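Written below as C-alpha cells is the structure these notes are about.
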Amino acid sequence: MADAVIVVALLAVAVAATAAVVNRDPARQALVLAVLGTALAVLFTVLQAPDVGLSQLAVGSALTPLLIMLSVRKVRRRSAHGKDGTQ
Amino acid sequence: MTPRVRLWLVCLGGGGLAALLVAACLRLPAFGGLWHPYGDRAVRTSLARHTANTVASVNFDQRAFDTMGEMTILFGAVLGCVVLLRQARDEHRDPPEPCEVVPPVRRYALIVLPVALVTGLYVIAHGQLSPGGGFQGGVVAATSLHLMYLGADYAALERIRPVEAYEVTDALSASAYLLLGLAGVLTGTAFLANTLLPYGTFNTLSSGGTVPLLNAAIGVEVACAVVVLLARFLDQAVEIEEAKGEMSAP
Amino acid sequence: MNGWIPAATVVLAGGLGTTLWGVSTGGLGRRVIAQNLSTALVCPGLLLLAQGYGRTSYVDLALLLALLGPVGTLVFARLLADDLAEENPAGWGPTWAAVTVGVVVVLVLCAVTGPGRAMVKLLIVGALLIGGNLLASRALSGGFPGVGRG
Amino acid sequence: MSSVLHVLPYLVAAWGFLAGCYGLATSRNLIHAVGCLAGCQSATYILLLAVGYRDGGTAPVFSDIRPGSRPVVDPVVQALTLTDIVVGATVTALLLALTVQIAKRHGTVDPDELRELRG
Amino acid sequence: MNPRRTLLAVGGVLAWWAALVVLWLMLISTVYTLEWVVGAGAAGVGALVARAGRQAVKRR
C-alpha cells in the first residue's frame, strides 16, 4: 500500500510534465509549472527526501512563477509599445 | 530548415533516444534496492561528526567543495542577470503609479511577511538538524519580502529593500564561505575540512562543527541572490520604459 | 501498516487529479482557481503523510506549502489582473470544499497528536493554509482593482 | 504491480525528459521553451532520487528518530538534487533574462522569426 | 517624533517580537538556551521588518 502513493505521485508528475509542454501560452504554462512543482514536492516526500521537497516547494510555488510572469509582462508590454511606435 | 523537416528530425532523434533510455531503464538496479554503499558510508560519517541531518552533512561537510561550486554557479547566474537586465542607455525609469489593493489582501501580506521571514530563518537555522538548510530557507526568506509587492505596490517593496545592501551582503556571505574553508587550511588540515570547531552535542543547534556556519553563509547568500535577481526582473517589468514607448505612454 | 498512508493516497490522488485537469484545460480563470486549490488539497495530504511515516519533521513541508502556496496564487492574481478582470473567477464552491478537507484533516491530526507544541504547530499550519486559501480566492475575484501598470 | 514499480520511476524520468525536449524543439515562444527546459531538469531530479530510494526506508534525518532504528535512503543523491533545484532556478532566471534582452533588441521571442531576422 | 508615537512604535515592535518568539518556540522540537537566543534574534529581525513594512505601506 505504501507503493500506491508512490505510483500516484509519479503519474501526477508525468501528467503535469506533459501538460506543461502542451500548453503553449507562457502564462498558462506558468500555472501548470506551479502545479508540477507541487506534484514534484509530493513525489520527493514519498521518496523520503523531505530536504529536496522543501527545496522544490520554496522554488516552485512562488519564485519560478514570479520570474516567468514578470518576463511575460515585460515581453507583452514591449510588443505593445513596439506596435504603437510603428503605427 | 523548414519546421516540417525539423519536426521529423526531432521525432527521429527523440525516438532513438527513447529506445536507448528505455533499454537503460530496464538494466538499472531495481527501484527500491537495498544496496547503497555510498549512502551507508555518508550516514556513518555524518553520525560520527554529530550532524543529525545527513543531507546537510553531505552538503556542507563531506562534499563542501562541491557546494562551493554550486554557490559559484548561483553567484555567476545572478551576476549575469544583473548585467543583462541593467538599464540601457535608450531606456528611462518611469515610477509606476500606486496600485489599488483591496484591504484584506494588504492585511494578509503585512501579517504573513514577518511569519514567512521567521519561518525562513527557522529553516536555515535548523538545516543541520531537521529537513531544510540554507538553500531552502534562503529562498523562503527572500520570497517573503516580495509580499510587499503583492500586498501593496513596487514603491513599498523598494522602501524596505535597498538593493545595494543586498548586493554587498551577497558578496560578503560568498566570501565568508571561502574564508571558513581557508581557515581549515590555516589550522593545518585541508580546505573546507570540518576540523575547526568541536562537534558538540548531537541534535543541538551548535552540533556538527563548521556545518552550521557554512549553512548560515549559504542561507544569507541565497536569500540576497534571490532578492537581487527579483529586483532586476521587477525593475524591468514594472519601472524601466523604453524611449520609443514615450510617445504612446500617457 | 497504518491507515494514514491510504488516506493520504486518496487525498493526494483526488487533489492532484482534479487540479491537474482543471489547470490544463479551460479558460484562464478556471486554471488559476485550480492552481489555488492544488495548495489547499496537497497540504492536508502532506500532513497525513507526515503522520503515516511517523516523522514529525515532515510537517515542515506542509508548513512551507501553506505559507508559500497562497503567495504563488497572489503572484498570478496580481500579474494576470488585467486578463482576469472580465472573468472575475470566484470558484467559491470548490474553495469551500477544499477548506473543509483541510479543516477535517487538521482537526483529526490534532486529536491524534494530543495537546502540546506539536498540536499548536499543526494548528498554525491549518490557520495559514485556510486563511491563505480564502484570501487567495478573494484576491482572484477582484483583489487588485487598480492594477494598471504597477 | 511490483515488477512495474521497479522501472516505473525511471520511465517517468525518461518520459519527462523526452517531453521537455519535444517542447523545446517545437516551441514558438522562448519563454515557453525555458519552461520546457525546467521540465527536463525535473526529470533529472526524479532519476537521481529514484536511484537512491530504498524499500521501507525513511529520510536520513535523525532529529526525530534514533539513529539506526530504521533503515534510511541514500543521502548523497538527495544532497546533489537539493542544491541543483535552487541553482537550477537561478539558471532559469538567467535564461529568462536573455529572453527579455532578445525581446528588447529584436522585438520578438519566436525562434523562427528570430532566424528570419538574421537572414 | 513625539514621545507618544515613539512609545507606540516601540510597543508595536515588542508585540511583534513576542508573537514571533512564541511562533519560533512552536516550530522547534526541543527547547534549550541556544535555541532561545537564536529564536529571539530571528524574531527581532522579523519584528523590525514587520514594522518597516507597515511604515512603507502607510507612507504613500
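Keep in mind the model is a prediction, meaning the values are calculated, not measured. Just so it is clear, the values below take in all heavy atoms, side chains as well, and ignore hydrogens, waters and symmetry mates.
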Looking only at heavy atoms and a cut-off of under 4.5 Å, which of [options] has the most pairs with chain D?
| options | answer |
| --- | --- |
| B:L7, B:V78, B:V139, B:L85 | B:L85 |
| B:V58, B:L34, B:D66 | B:L34 |
| B:G32, B:G39, B:G133 | B:G32 |
| B:G14, B:S46, B:A42, B:G33 | B:G33 |

Under 4.5 Å from any heavy atom of chain D, what part of [X] do you find: side chain, backbone, both or neither?
| X | answer |
| --- | --- |
| B:L74 | both |
| B:R27 | neither |
| B:N203 | side chain |
| B:A88 | side chain |
| B:E70 | both |
| B:P131 | both |
| B:V55 | both |
| B:L47 | side chain |
| B:V226 | neither |

Looking at B:R6 and D:D112, is there a salt bridge between them, counting it only when a charged N and a carboxylate O are closer than 4.0 Å?
yes
Rounded to the nearest 0.5 Å, what's the gap from [atom1] on [X] to [atom2] on [Y]? Could you check?
| X | Y | atom1 | atom2 | value |
| --- | --- | --- | --- | --- |
| D:L80 | B:R63 | CG | CZ | 5.0 Å |
| B:F31 | D:L11 | CZ | CG | 12.0 Å |
| D:T83 | B:Q136 | OG1 | CD | 9.5 Å |
| D:L82 | B:N59 | CG | CG | 5.0 Å |
| B:C25 | D:L47 | SG | CG | 7.5 Å |

Could you pull out every donor-acceptor pair under 3.5 Å between side chains of residues 86-103 of chain D and any protein atom, sequence neighbours left out?
from, atom 1, to, atom 2, distance (Å)
D:T90, OG1, D:V87, O, 2.6
D:T92, OG1, D:G88, O, 2.9
D:T99, OG1, D:L95, O, 2.9

- Message: Quick one, B:D40 with D:R54, criterion salt bridge (charged side-chain N to carboxylate O under 4.0 Å, His left out). Give me CA distance, side-chain angles, the key distance, then yes/no.
- Response: CA-CA 12 Å; B:D40 297 339; D:R54 181 199 296 259; 3.0 Å; yes
Should we count [atom1] of [X] as having more than 12 external heavy atoms under 6.0 Å?
| X | atom1 | value |
| --- | --- | --- |
| B:Y199 | OH | yes |
| B:F191 | CZ | yes |
| D:R105 | CZ | yes |

Only residue of B:L28, B:L26, B:V22 satisfying side chain to side chain contact (heavy atoms under 4.5 Å, CB included) with D:Y10 is B:L28
With a 4.5 angstrom heavy-atom cut-off, which part of [X] approaches chain B: side chain, backbone, both or neither?
| X | answer |
| --- | --- |
| D:L18 | side chain |
| D:T26 | side chain |
| D:P60 | both |

Provide the closest heavy-atom pair for [X] versus [Y] in the form atom of the first, atom of the second, distance.
| X | Y | value |
| --- | --- | --- |
| D:V61 | B:S130 | CG1-CA, 3.9 Å |
| D:K104 | B:R86 | NZ-O, 4.2 Å |
| B:L21 | D:F17 | CD1-CD2, 4.5 Å |

request  = Decide yes or no on side-chain contact (heavy atoms from CB on, under 4.5 Å) for D:D84 and B:F135, but give the supporting numbers first.
outcome  = CA-CA 10 Å; D:D84 189 45; B:F135 284 99; over 6 Å; no
- prompt: Does the side chain of B:V43 come within less than 4.5 Å of D:F62's, by heavy atoms?
  reply: yes
- Message: Checking the side chain of B:H36 only, and the main-chain atoms of D:Y53 only, is there a donor and an acceptor separated by less than 3.5 Å?
- Response: yes
Per-residue tally against chain B (heavy atom, under 4.5 Å) across D:A59, D:G56, D:G52 peaks at D:G52
